[in-house]
Number of protein chains: 2
Amino acid sequence: MTTKTREAATELPLNQILGGDCIEIMNSLPEGSVDLIFADPPYNLQLRGDLHRPDNSKVDAVDDDWDQFDSFKVYDNFTRDWLAAARRVLKPNGAIWAIGSYHNVYRMGAELQNQGFWILNDVVWRKSNPMPNFRGKRFTNAHETIIWASKNEAAKYTFNYEALKSLNEGIQMRSDWVLPICNGGERLKNEDGEKAHPTQKPESLLHRILVGTTNPGDVVLDPFFGTGTTGAVAKMLGREFIGIERESKYREVAQKRIDAVRKFDKDALRVSTSKRAEPRVPFGQLVERGMLRPGEELSSLNGRRTAKVRADGTLVSNDVKGSIHQVGAHLEGAPSCNGWTYWTFKRDGKQVPIDVLRQQIRAEMN
Amino acid sequence: MTTKTREAATELPLNQILGGDCIEIMNSLPEGSVDLIFADPPYNLQLRGDLHRPDNSKVDAVDDDWDQFDSFKVYDNFTRDWLAAARRVLKPNGAIWAIGSYHNVYRMGAELQNQGFWILNDVVWRKSNPMPNFRGKRFTNAHETIIWASKNEAAKYTFNYEALKSLNEGIQMRSDWVLPICNGGERLKNEDGEKAHPTQKPESLLHRILVGTTNPGDVVLDPFFGTGTTGAVAKMLGREFIGIERESKYREVAQKRIDAVRKFDKDALRVSTSKRAEPRVPFGQLVERGMLRPGEELSSLNGRRTAKVRADGTLVSNDVKGSIHQVGAHLEGAPSCNGWTYWTFKRDGKQVPIDVLRQQIRAEMN
DNA sequence: GGCTAGACTGAATCAAGCC
DNA sequence: CGGCTTGATTCAGTCTAGC
């Protein structure tokens with residue numbers, strides 16, 4: 001570490017939340033002075049009318065002023081400017097994490113590359129409990145993308161391989177992370193019970209990022225601080241943080257939250273190792289994967305019934321159509337039926353329960 | 001269908017593999033003539049030596065320390081040109097799926113948006129058996145991203161919601177798909193045992209895409225055909241395909257593969273459809289046909305409201321008059337209300353939803 | 001373009017009520 | 001009191017089709 005760098009570091013407003021425009025403030029900080037940047041910029045959502053659930057309750061959407069941009073061009077200019085400012089304050093061996101959804105992440109990723117950042121991974125945050133698609137017009141939007149990039153191709157970025165492997169029960173950490181969205185007690189509320197910030201990120205996400213790609217004592221900058229998840233987790237984990245947030249109401253909530261955090265709280269270091277039941281395997285997957293073919297005939301275990309497989313993973317038998325369970329139940333006149341053990345297919349001249357195919361898929365998943 | 005469209009359609013080289021440059025060939029096809037495009041373009045990393053500059057000079061030298069900016073520019077031009085050609089051949093209500101990894105997908109996604117494509121979802125293909133990261137320097141790169149976009153914001157794209165829900169055992173399909181990579185018997189090999197193509201996609205992926213976003217008989221174009229996964233699955237599922245592939249060795253493998261595919265029978269290809277596709281039945285018809293009598297009282301499903309049927313097929317409750325939907329919405333103070341499931345009538349002492357009467361009429365219509 | 005019919009929701013969390 | 005069920009609530013949303 002050179003003298004100049006050390007001087008710069010002592011000038012840093014560590015563990016503070018700075019109010020104002022993140023581009024201006026980042027440009028006022030010493031060049032090359034932070035180890036990691038976590039950025040959760042506005043996503044530029046373009047919502048039209050109101051959306052209601054099938055039960056007619058209204059969806060509380062992100063319609064705040066800070067997410068309004070007139071065009072892709074305006075958004076691109078904004079992205080270019082904050083990324084350039086972020087790049088400037090980053091140490092030569094620093095790295096950045098930037099999170100987004102399909103609305104903005106392609107523009108952000110392309111600009112990262114244009115500026116010379118070197119993408120190391122894109123990580124998918126698979127939400128275990130996303131909001132469904134209420135109108136049935138698209139897939140449930142069940143993930144967000146986080147790009148991890150070093151300042152340039154040659155940078156010696158921090159990657160705590162073993163720590164991440166431990167977090168993942170001894171197996172190399174993958175680029176898809178299954179984590180719940182932020183709700184329950186962790187979700188900050190105003191006095192009126194409304195959520196304090198529309199897009200609060202879960203601490204588990206920041207925990208994994210900071211454990212994996214920083215060392216204790218590192219300086220972590222968050223230019224879109226919001227309610228301060230980055231600061232709270234950084235404090236817990238013994239990292240220094242700098243937060244920048246334009247809205248004073250968010251700064252206040254964040255400050256209160258961080259003040260309440262205890263460093264190295266063992267409780268906060270716990271990992272979510274929920275031992276689940278066996279993963280659910282939809283019958284349709286056997287069809288998609290060619291283990292059973294559309295048109296193929298299945299027989300019931302008792303040999304009395306047959307049904308044909310359809311391309312969408314339903315069965316048809318005479319006029320009855322539906323899932324393997326529904327059709328089985330109907331044919332037997334039973335209230336319910338476990339299709340997995342009821343139906344068999346032919347292999348090497350023998351009747352084999354379709355459940356063996358499910359077991360095969362489950363084995364592959366481990 | 002206009003004469004012009006029909007002529008165009010008959011000119012299409014259906015179920016053929018065309019040899020040559022995909023941009024030139026797409027531009028030679030009739031405008032607005034295909035329903036879906038699936039594109040698996042080369043990654044930025046692999047383009048070295050494979051791609052040409054705009055002036056048609058070849059980009060050469062794998063180990064030249066060539067300028068990274070230059071590389072992105074060449075790739076962006078290539079992306080712009082093939083996407084524009086794809087957009088041209090797409091029907092107004094057509095859609096595109098484009099797959100990539102973090103090396104190229106951000107540039108591809110941004111250009112899609114720049115050209116006016118409207119992103120509907122980005123889907124994450126989560127590989128159940130990815131290659132580990134051998135050096136332990138990054139996360140296991142365990143996913144690829146597939147962008148699904150319509151030709152423009154107003155397009156009426158195809159989405160077989162119910163079929164996808166069936167494939168997923170009755171639960172709405174999410175944007176993260178867990179599917180194994182292509183290996184085993186499905187992976188095509190040369191005589192020397194080497195894999196025939198470095199990036200062969202699994203048929204399960206195409207199965208889900210084609211079942212979910214095309215109808216039988218639709219034309220599916222794949223400008224980077226490779227060993228023909230798109231064609232093979234399209235044939236199985238009773239869709240027409242057009243493949244474009246520059247390398248003759250891939251075309252040969254693909255043709256042999258597709259020739260061996262057997263179409264599934266029609267019965268198996270029929271998939272679950274949504275209620276929206278059912279014919280509309282006006283409530284007044286129930287009254288005209290005497291299934292409900294003017295003056296008869298209906299109760300809401302929750303038992304809290306009642307209304308009287310009038311001779312013209314409207315309801316009246318206190319001073320509120322209107323359709324079954326309007327009256328229901330008003331009484332519940334809701335923005336909207338499906339009167340078919342909201343209102344019940346009395347039969348044999350039990351409350352029965354009026355929807356059963358509609359179903360009765362629909363059954364008679366078949 | 002305006003209006004209306006009518007289709008459409010999964011998982012987690014927490015509170016309340018019941019054995 | 002503890003464990004269980006039931007119901008209400010909530011989550012970054014580019015969320016209709018057809019007359």
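Residue numbering restarts at 1 for every chain, and letters A, B, ... go by the order of the sequence lines.
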Distance test, side-chain N/O of B:H325 to OP1/OP2 of C:dA5, below 4.0 Å: no

Closest to the B:I119 side chain, choosing from D:dT14, C:dA11, C:dT9: D:dT14

Given C:dT4, D:dT14, C:dT9, the nucleotide with the shortest approach to the side chain of A:Y102: D:dT14

Distance test, side-chain N/O of B:K165 to OP1/OP2 of C:dC8, below 4.0 Å: no

Nearest-nucleotide pick for A:F72, side chain only, options being C:dG6, D:dT14, C:dA11: D:dT14

OP1 or OP2 of C:dT4 under 4.0 Å from side-chain N/O of B:R280: no

Syn/anti state for C:dT9 [syn: chi within 90° of 0]: anti

Interatomic distance where CG belongs to A:D192 and P belongs to D:dT9 [whole Å]: 16 Å

B:E364/B:R289 ion pair, N-O < 4.0 Å: yes

D:dT14 and C:dT4, which share atom name P, separated by this distance in whole Å: 28 Å

Presence of A:R135 side-chain N/O under 4.0 Å of D:dT16 phosphate oxygens OP1/OP2: yes

Summary of side-chain hydrogen bond (donor to acceptor under 3.5 Å, both in side chains) pairs that have at least one residue in residues 177-193 of chain A, sequence neighbours excluded: none

Residue A:K137, side-chain atoms from C-beta onward, closest of C:dT9, D:dA17, C:dA5: D:dA17

CG/A:D65: more than 12 non-hydrogen atoms of other groups inside 6.0 Å: no

Whole-Å gap separating C1' (D:dT16) and CD (B:E162): 15 Å

Short side-chain N/O contact to D:dC11 OP1/OP2 from A:K195, under 4.0 Å: yes

Pairwise C1' distance for C:dA16 and D:dC1, with rounding to whole Å: 16 Å

Integer angstrom distance from the P of C:dC8 to that of D:dT9: 24 Å

Verdict with reasoning, B:Y157 to B:W118, per ring pair (Phe, Tyr, Trp, His ring centres under 6.0 Å): CA-CA 11 Å; B:Y157 54 91; B:W118 189 248; over 10 Å; no

Closest to side chain of B:Y161, choosing from C:dA11, C:dT9, C:dA7: C:dT9

B:Q113 side-chain proximity, nearest of C:dA7, D:dA12, D:dT14: D:dT14

Base of C:dA7 paired with side chain of B:S336 (donor-acceptor, under 3.5 Å): yes

Closest-nucleotide ordering on DNA chain D, the 5'-leading residue of A:M131 and A:G193: A:G193

Residue A:H52 excluded, over 12 heavy atoms near NE2 under 6.0 Å: yes

Pair of N/O donor and acceptor under 3.5 Å linking D:dA12 base with A:N104 side chain: no

Atom C1', compared across D:dA12 and C:dC14: separation rounded to whole Å: 23 Å

From CA spacing to verdict: side chain to side chain contact (heavy atoms under 4.5 Å, CB included), A:L221, A:F241: CA-CA 6 Å; A:L221 169 71; A:F241 73 85; over 6 Å; no

Exercise: do B:H143 and B:D176 side chains pair donor with acceptor under 3.5 Å: no

From C:dA11, C:dC8, C:dA5, nucleotide with atom closest to B:Q326 side chain: C:dA5

Touch class at under 4.0 angstrom, heavy-atom based, for A:P198 against every strand present: sugar-phosphate

B:K321 atom NZ: more than 12 heavy-atom contacts under 6.0 Å: no

A:D65 CG to D:dA12 P, straight-line distance once rounded to whole Å: 19 Å

Presence of B:S323 side-chain N/O under 4.0 Å of C:dA5 phosphate oxygens OP1/OP2: yes

B:Q172 versus A:T140, side-chain donor and acceptor atoms under 3.5 Å: yes

Touch class at under 4.0 angstrom, heavy-atom based, for A:D50 against every strand present: base

Position toward the 5' end of DNA chain C (nearest nucleotide), A:P54 or B:F283: B:F283

A:R187 (side chain) and C:dT13 (base): donor-acceptor pair under 3.5 Å: no

Nearest-Å distance for atom pair CG/C1', residues B:L120 and D:dT14: 10 Å

Between C:dG10 (P) and A:K127 (NZ): distance, integer Å: 16 Å

Nearest-nucleotide pick for A:W66, side chain only, options being C:dA11, D:dA12, C:dC8: D:dA12

Secondary-structure stems, DNA chain D, at least 3 Watson-Crick or G-U base pairs under 3.5 Å: C:2-5 with D:16-19, C:10-19 with D:2-11

Nucleotide of C:dC8, D:dA12, D:dT10 approaching B:K275 most closely (side-chain heavy atoms): C:dC8

Atom CZ of A:R246: over 12 foreign heavy atoms under 6.0 Å: no

Nearest-angstrom distance from the residue atom CG of B:D355 to P of C:dG6: 10 Å

Residue-phosphate contact under 4.0 Å: A:H103 side-chain N/O, D:dT14 OP1/OP2: yes

Below 4.0 Å: OP1/OP2 of D:dT14 and any side-chain N or O of A:N141: yes

Contact under 4.0 Å: A:N183 side-chain N or O vs D:dC11 OP1/OP2: no

Length of the line joining A:K58:NZ and C:dT9:P, which is rounded to integer Å: 21 Å

Rounded distance (Å) that lies between atom P of C:dC8 and atom CG of B:N160: 13 Å

